[in-house]
Amino acid sequence: MNRFFNRCASVRRSKLNLLSVFAALAMAVSACAVQPPPAAKLPDQAAPAQPAASTEPIYIGVSGPLTGPNARYGVQWKKGFDLALDAINGKGGVRGRKLEYIFEDSQSDPKQSVVVAQKFVADPRIVIELGDFSSPASMAASPIYQRAGLVQFGFTNSHPDFTKGGDYMWSNSATQADLSPALAEFAHNTLGLNRLAVFYLNTDWGKATYDLFQKHAQKIGAEIVAAEAYLPDEKDFRSALTRVRDAQPDGIVLISYQADGAQIVQQLATTDLKVPIVGASSLHSPDFLRLGGAAVEGVYIRGQFSPEDPRPTVQAFVQAYRAKYNEEPDFFAAHAYDTMNIVAALIEIAGPDRKAIRDAFTKIKDVPSVIYGKVTFNPETRRVANPQFVDLIVKDGKFVTWDGSQKAGR
Amino acid sequence: MALLEVRGLRREFGGVVAVDGVDLTVEAGETVSVIGPNGAGKTTLFNLITGLDKPDAGQVLLDGRPITGWPPEKLAALGIARTFQHGRVFGNLSVLDNVLIGAHTRQAAHRLRAPVLGMIAELALALVQPPAWREEHRRLREEARDVLALFGDRLLPRADQPAYSLSYANRRRTEIARALALRPRLLLLDEPTAGMNPTETAEMLEFIRSLKGRGLTLLLIEHKLSLVMQLSDRVIVMDDGRKIAEGVPQSVRNDPKVIEAYLGHKRPGSDARDVQPAGEDDRRAVLAQTRPSSVS
Amino acid sequence: MPEFTLRTLADQLVNGLVIGNIYALIAIGLALIFGVANLINFAHGSVYMIGAYVGWVCVTWLGWPLGPTFIVVAVACAALGVLIERLGLRRLQSEARIAPLLATIGISFALDQLVQLIFSPNPQSFPSPLPATRVMLGGVSIGALDALIAVITVTSAAMLFAFLRFTRLGWALRATAQDREAAQQMGVDVNAIQALTFAVAAVLGGIGGVMIGMYFTSVYPTMSYGAMLKGFAANLLGGLGSVPGAVIGGLLLGLIETFGVALLGSTYRNLFTFVILIGVLVLRPTGLFGARRAMPPEPLTGTFVANSRPVRVPRFVVIGGLVAAVLLPFISSNPYLLQIFTNAWLFAMLALSITLVTGTAGQMSLGQAGFLAIGGYASALLAMRLGWPLELSLLAGAAIAAALGTLLTWPVFRLRSQYVALATLGIGEVINQIILNWEGLTNGVLGLSNIPPLSLFGLPIIETSPIYWFALAMLVVAALFQWRLMQSHLGRTWRAMREDEVAARAFGVSLNRYKALAFIAGGFIAGLSGAFTAHMYSYINNETFAATTSILGLTMVILGGMGNMSGAVVGAIALTALPELFRPLADARYLIYGVVLLLLVRFRPQGLLGTV
Amino acid sequence: MNAPVAPPSTPMAQAMLPASAPFLLQLEGIQTFYGVLQVHFGLNLHVCRGEIVCLLGGNASGKSTTMKVILGLVKPRAGRVLFDGQPITDLPTPQIIRRGIASVPESRRIFPEMTVRENLLMGAYARADREEVRRDYEQMLERFPRLRQRLDQRAGVLSGGEQQMLAMARALMSRPKLICMDEPTMGLSPLFVDRVLDLIQHINQQGVTVFMVEQNANLALQIAHRGYVLQNGHIVLEGAARDLLGSSEVRDAYLGGDAR
């Protein structure tokens with residue numbers, strides 16, 4: 001009998017708990033939703049920037065991965081952003097106001113990136129949004145940004161359809177249309193490789209890059225003797241490498257990211273296939289060197305910037321980056337750095353106004369860029385025209401500009 | 001023609017013969033009991049008749065029609081209902097719902113047998129719940145309450161309680177109520193009074209007697225022999241998988257073979273049996289925690 | 001089709017055997033645990049991952065040679081194994097059988113996240129300290145690491161064999177696996193033996209992790225999930241619970257995968273794993289070599305789901321909650337809040353679907369995200385390629401999800417309890433793989449973009465509030481649909497089937513039919529949620545409906561209470577909103593999530609609102 | 001209903017007995033439940049040193065559960081178990097075994113995938129004296145020559161009788177003070193039944209106390225000193241074996257039932 005009463009009591013208690021938990025939850029969520037992050041008072045909804053608030057910083061929203069499988073890219077972004085902001089705010093900011101960004105972790109998961117998007121569009125302080133990292137996450141959020149009239153600057157989104165999401169979708173990511181032919185020409189024309197084996201990451205980026213690469217390679221007369229697609233979580237390339245070896249290529253092309261690229265090269269080192277390796281610009285990262293170790297020595301990369309490039313933009317970036325982080329900058333950090341500078345240029349022209357910022361994309365011209373040299377947007381594609389490339393080689397554990405010597409020197 | 005006829009039924013488990021050439025008939029309206037010591041194969045025999053297990057040899061006939069090896073769900077539709085040795089009620093279902101499951105085969109939805117369309121139709125029926133369906137369910141629910149009422153105030157006041165909260169005896173009653181809701185032509189009761197005290201046992205005796213009075217055909221496994229003696233028209237004695245005696249209660253009770261089977265025997269030349277050929281239900285003994293899975 | 005020269009054949013054979021050796025090590029551990037504790041240990045992959053990290057720390061940070069490294073890894077993993085046994089199993093032994101299974105899922109969540117917190121999610125380079133030279137042996141080229149892996153696996157297997165054959169403790173372990181109660185009667189402390197088993201299994205897994213780290217030249221936190229699946233597949237292939245079977249199964253799986261990749265390419269690798277997993281489960285659940293053994297008896301029916309008196313949510317609370325939900329956009333037009341709740345409604349539909357299939361009908365589904373994906377793709381494709389109006393394509397997408405998903409799940413119906421969980425996990429992955437590889441239809445990894453937005457009677461629904469209401473309305477309709485089914489004889493029949501399949505059959509319930517009906521009804525609701533999501537996002541690809549979504553949905557159901565519809569909705573709201581609340585704790589979010597699951601299973605296995 | 005023949009001695013008196021008490025094993029007021037089902041209703045019984053005591057009863061009378069209570073596999077809700085004068089009710093099974101109780105479980109429960117040798121040595125699992133174990137092992141093989149022939153075979157392939165031999169030899173390997181046997185003759189051919197009974201007597205003559213649960217009353221009473229008859233969780237008869245053997249009360253207890 002006692003047991004019975006106890007049970008009744010516990011049921012009642014749990015119901016109470018549940019209700020109170022639920023109430024607390026709802027309150028907390030809504031509190032979260034309306035409360036601005038610290039350091040700022042919430043201005044009136046939808047009101048344009050008030051002169052009174054002109055000492056307030058201008059906010060940029062960043063939606064990207066800080067946890068989850070892609071977290072490392074978000075971390076690199078942050079480094080690039082912070083570096084750019086150091087310089088911008090050091091010079092007094094933009095239009096007399098500091099620039100700041102609010103980074104929301106989406107894990108690059110569409111379920112979360114749409115929530116983050118809603119958070120940003122609802123926050124009138126946010127004048128432009130950067131990210132997300134992966135295409136599924138970015139493109140799921142696009143309708144929200146488009147509808148709200150907030151620029152989604154998907155600076156890593158090379159998916160060909162990303163900027164087709166609406167006139168608020170812009171990107172300074174090099175598209176495959178630029179990257180792929182350049183890579184093919186490097187491998188065939190510059191390095192003189194004729195029988196190419198290609199490893200490509202089977203994601204929207206890798207697949208699109210490969211498709212164009214293959215077309216261009218054929219056009220310029222290179223033969224693709226093996227093409228190995230692999231998924232982002234693939235770790236065992238030995239079977240595929242054996243296949244590649246049997247195809248007897250005279251060069252291997254990697255359309256990979258840093259971690260998987262490094263793995264392929266390392267696992268390749270344990271086979272008896274010794275041919276030159278050519279990588280896409282995404283491999284231009286200290287992570288590639290760190291993960292690849294001695295095995296990546298001599299890998300060619302058609303990169304988008306070289307740390308030795310004498311251009312002042314590049315040198316300013318590289319020096320500052322080394323000083324601040326005590327490491328070599330990578331492609332993603334450089335890209336983030338460029339992006340923040342573009343944003344500063346946009347706001348300089350347009351002021352902290354969402355629509356004006358969108359319109360400013362067509363007005364900015366020749367913004368200095370680490371990756372592109374100078375950036376001008378094409379209003380048709382809403383992307384950057386004519387990126388430049390630089391040929392690198394890994395030497396003594398560093399990326400150095402390839403001087404054209406030691407051709408196929410592996 | 002006998003309602004149930006079993007011919008030469010045989011079932012082996014890994015070389016151990018659990019049921020060995022058993023013949024058995026049950027006439028309509030008759031009450032037949034199967035008795036025998038532990039491990040005699042009684043529950044296995046029940047499982048073979050109700051389709052939970054398939055015989056290696058022999059035949060089971062219902063109304064002279066072979067039903068050997070039919071799956072239990074088909075046999076239930078033919079009107080064979082059973083209870084289980086250790087009382088398998090649906091713990092989280094209410095007592096009333098337990099009984100309604102007994103009437104599962106009697107629902108109109110159960111007649112929608114066409115492979116895919118039948119399923120879709122059943123889904124639609126459950127969704128639309130047309131008046132005819134509602135009427136049917138109102139009727140079945142009423143009937144289920146009537147069945148519960150057969151047990152006096154043992155079950156009816158608890159109709160909406162989950163079955164796991166019942167006492168052991170009430171679970172056994174619920175099981176019988178569930179079986180009755182099938183409107184069985186043949187009801188197999190596996191130790192209906194197991195775990196009951198003398199009062200409850202006496203009550204159950206009266207209850208089964210009343211079922212018998214309504215003309216129900218019963219096949220009964222029971223250990224309390226006095227109950228068997230009072231209820232049965234015929235008794236079948238099993239030992240070691242075989243039928244060793246059959247007849248009216250009194251003759252069986254005084255059969256030396258039966259006494260020997262119970263109290264101990266020096267049997268002629270039977271072979272050694274390796275493992276206790278426990279039926280599925282035996283294995284589900286509440287505490288059996290052993291698993292033959294192995295690391296070797 | 002590539003040509004196979006003799007040399008290729010030999011090289012691929014070596015590749016397959018090396019990776020197969022590691023699969024075998026993982027599978028042995030799983031087999032030991034299954035044999036002794038009758039538990040599919042979902043945390044085993046995490047142990048393997050942690051072993052790899054410990055090894056990596058020793059070799060690359062401390063610069064130790066391999067010998068001491070392996071010793072440290074063994075000790076650390078043994079301790080971890082004992083800890084898992086303590087937390088995940090010992091205390092739960094008297095609970096429903098589902099409890100330890102879920103506990104190990106929670107532990108693996110927590111461990112994976114913990115490693116991510118400490119070592120960052122980035123892969124870490126793990127160069128093999130061995131020379132990279134290769135030796136030609138009769139036309140086969142073998143590297144030093146290949147040889148080491150083979151030697152260590154064979155040594156480990158031999159040591160394990162010797163331990164089991166020739167030591168008192170080994171006998172005690174085998175005796176416990178064969179007959180726990182009889183072992184107790186010989187004076188064996190079976191609890192201690194169980195802890196020992198976890199320790200031994202963890203040591204093997206950890207050593208496997210170190211070797212795979214060197215073989216793949218890197219370690220990373222997410223390596224646990226894949227390893228766990230490979231271990232299961234290898235184990236099933238050889239016969240669940242059999243140690244020699246695990247070795248053979250591991251080697252076979254390695255070979256099949258390697259030659260599969262050699263024939264078709266890397267993207268098909270996991271397809272082989274899962275097709276094998278499902279094929280073996282369905283065609284030969286005792287494994288290829290487990291013929292002599294009967295399938296271990298299932299947990300006692302009725303104990304898989306905890307007995308409980310559900311909390312009856314009064315009608316006025318439900319209606320009040322609904323009214324509040326409808327009015328929410330008027331109270332706060334904050335789109336962030338509305339989007340969270342829109343997500344919650346969509347997740348609630350998934351949770352309803354899981355609570356129907358798993359909670360009510362008792363079919364533990366870990367692949368329900370597959371239904372989302374089918375629904376999403378079907379509706380998107382119908383709208384894009386055939387220009388169907390949205391209302392029609394949503395419904396058709398849901399119907400296709402129900403039909404196709406149920407058809408794919410059909411082979412699972414003959415399985416029970418833990419096996420259903422494994423098989424549905426595999427089916428979810430197979431659906432994902434098909435989406436990935438059937439480029440003609442699904443556009444592969446590029447996914448479907450520019451999916452027509454949500455609309456109703458031709459009017460586009462693109463503002464946040466209308467989308468919110470649309471999602472809420474769909475949830476309400478889905479809930480009413482499910483509630484009506486639950487009130488009919490179907491609800492009763494499903495629950496009876498969950499409680500006791502044998503007794504249900506004896507009363508004419510044909511299991512296949514009612515399992516199928518549960519998957520059809522549940523699949524329809526999940527498909528609807530997926531279809532809605534596709535149009536709301538306007539872009540989907542193979543990653544949109546990731547496999548982890550299934551486990552998240554299942555957790556919502558467990559949190560709310562199995563089979564409990566209110567519980568499913570409460571669970572969905574809680575687990576959609578909580579991570580948002582914990583957003584400042586970004587890194588620790590999933591750690592908390594795993595711990596919550598663990599605590600829940602331990603202290604309230606029937607969920608907040610109780611099993612219905 | 002039959003009254004118990006001999007009333008058990010008072011619990012008080014027994015609790016005060018020294019370790020050399022005449023009762024090796026004693027059950028006092030045991031009440032056992034499986035969930036809501038009560039199995040024992042205040043069970044009292046005792047086994048003296050050197051005795052063979054059998055516990056008889058029909059199906060489902062609670063015999064096997066009594067065995068499990070003694071071995072600590074089932075914990076009673078009330079009452080206590082004393083071994084050698086010490087309470088062992090709350091001890092875990094392995095510790096009870098270490099105190100000198102060995103078990104021959106129902107349907108043998110040998111380890112089917114282990115060899116005969118391993119099964120035998122498992123019996124001595126709780127012992128630390130390796131040398132003595134070795135000696136006992138040799139002795140056991142002499143006593144059971146059939147087992148010697150099959151030392152390296154899987155125990156699962158043995159015939160039922162051989163398995164019974166193995167189970168008994170395995171139990172003896174622990175050098176028990178008390179050996180508990182659950183239905184040792186069940187399912188054996190008459191030839192083996194005789195052998196098993198002889199063996200039990202032989203074991204007993206060597207100083208091992210035997211407590212056996214049997215359904216086969218006539219057989220068990222032939223070799224036992226005393227017997228108890230259990231019915232529905234109550235001891236209904238108790239007495240010297242020769243008094244019980246052939247008694248009509250035993251017969252009634254089996255065949256009569258209580259619904260009379």
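Because the structure is a prediction, the values reported are computed rather than measured. Letters A, B, ... mirror the listed sequences (proteins, then strands); counts begin at 1.
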| message | So which atom in B:T105 and which in C:G508 form the shortest heavy-atom distance, rounded to 0.1 Å? | response | CG2-CA, 3.6 Å

| query | Looking only at atom types and distance, does a side-chain atom of C:R505 sit under 3.5 Å from a main-chain N or O of B:L52, one as donor and one as acceptor? | reply | no

| request: Between chain C and each of B:A126, B:P162, B:S94, B:A103, count heavy-atom pairs under 4.5 Å; write down the option with the most. | output: B:A126

| remark: Counting heavy-atom pairs under 4.5 angstrom with chain C, the leader among B:R113, B:Q161, B:R134 is B:R113

| field | Atom group of B:A109 that falls short of 4.5 Å from chain C, counting heavy atoms | value | both

Using atom types as modelled, flag every donor-acceptor pair under 3.5 Å from a side chain in residues 174-181 of chain B to any protein atom, sequence neighbours excluded.
{"from": "B:T174", "atom 1": "OG1", "to": "B:N170", "atom 2": "O", "distance (Å)": "2.7"}
{"from": "B:E175", "atom 1": "OE1", "to": "B:F84", "atom 2": "N", "distance (Å)": "3.4"}
{"from": "B:E175", "atom 1": "OE2", "to": "B:F84", "atom 2": "N", "distance (Å)": "2.9"}
{"from": "B:E175", "atom 1": "OE2", "to": "B:R88", "atom 2": "N", "distance (Å)": "3.4"}
{"from": "B:E175", "atom 1": "OE2", "to": "B:R178", "atom 2": "NH2", "distance (Å)": "3.3"}
{"from": "B:R178", "atom 1": "NH1", "to": "B:R88", "atom 2": "O", "distance (Å)": "3.0"}
{"from": "B:R178", "atom 1": "NH2", "to": "B:R88", "atom 2": "O", "distance (Å)": "2.8"}

| remark: Nearest heavy-atom approach of C:F507 to B:I101 is CB-O, 3.9 Å

| query | For B:V89, does its backbone N or O pair with a side-chain atom of C:E499 as donor and acceptor, under 3.5 Å? | reply | no

| message | Using the ring-ring contact (aromatic ring centres under 6.0 Å, His included) criterion, which residues pair with B:H137? Sequence neighbours excluded. | response | B:W133, C:H489

| query | If you round to the nearest 0.5 Å, how far is CG of B:N92 from CG of C:D500? | reply | 12.0 Å

| request: Nearest 0.5 Å please: distance from the CG atom of B:L123 over to the CG atom of C:L490. | output: 6.5 Å

| Close approach to chain B in residues 398-407 of chain C, criterion heavy atom under 4.5 Å | none

| field | Contact winner vs chain B - C:A504, C:A521, C:G563, C:A516, heavy-atom pairs under 4.5 Å | value | C:A504

| Check: B:G118 main-chain N/O paired with C:R513 side-chain donor or acceptor under 3.5 Å | yes

| said: Which atoms of C:L480 are under 4.5 Å from chain B, going by heavy atoms: the side chain, the backbone, both sets, or neither? | reply: neither

| How about residues 70-77 of chain B versus chain C: which residues have heavy atoms under 4.5 Å apart? | B:P71, B:P72, B:E73, B:A76

| Pairwise distance OG(C:S488) to CD(B:Q107) - rounded to 0.5 angstrom | 9.0 Å

| request: Would you mind telling me which of B:L78, B:L125, B:L127 has the largest number of heavy-atom pairs within less than 4.5 Å of chain C? | output: B:L127

| request: Could you tell me whether the side chain of B:E122 and the main chain of C:Y514 form a donor-acceptor pair under 3.5 Å? | output: no

| Winner by heavy-atom pair count (cut-off under 4.5 Å) against chain C, out of B:L182, B:L140, B:L112 | B:L112

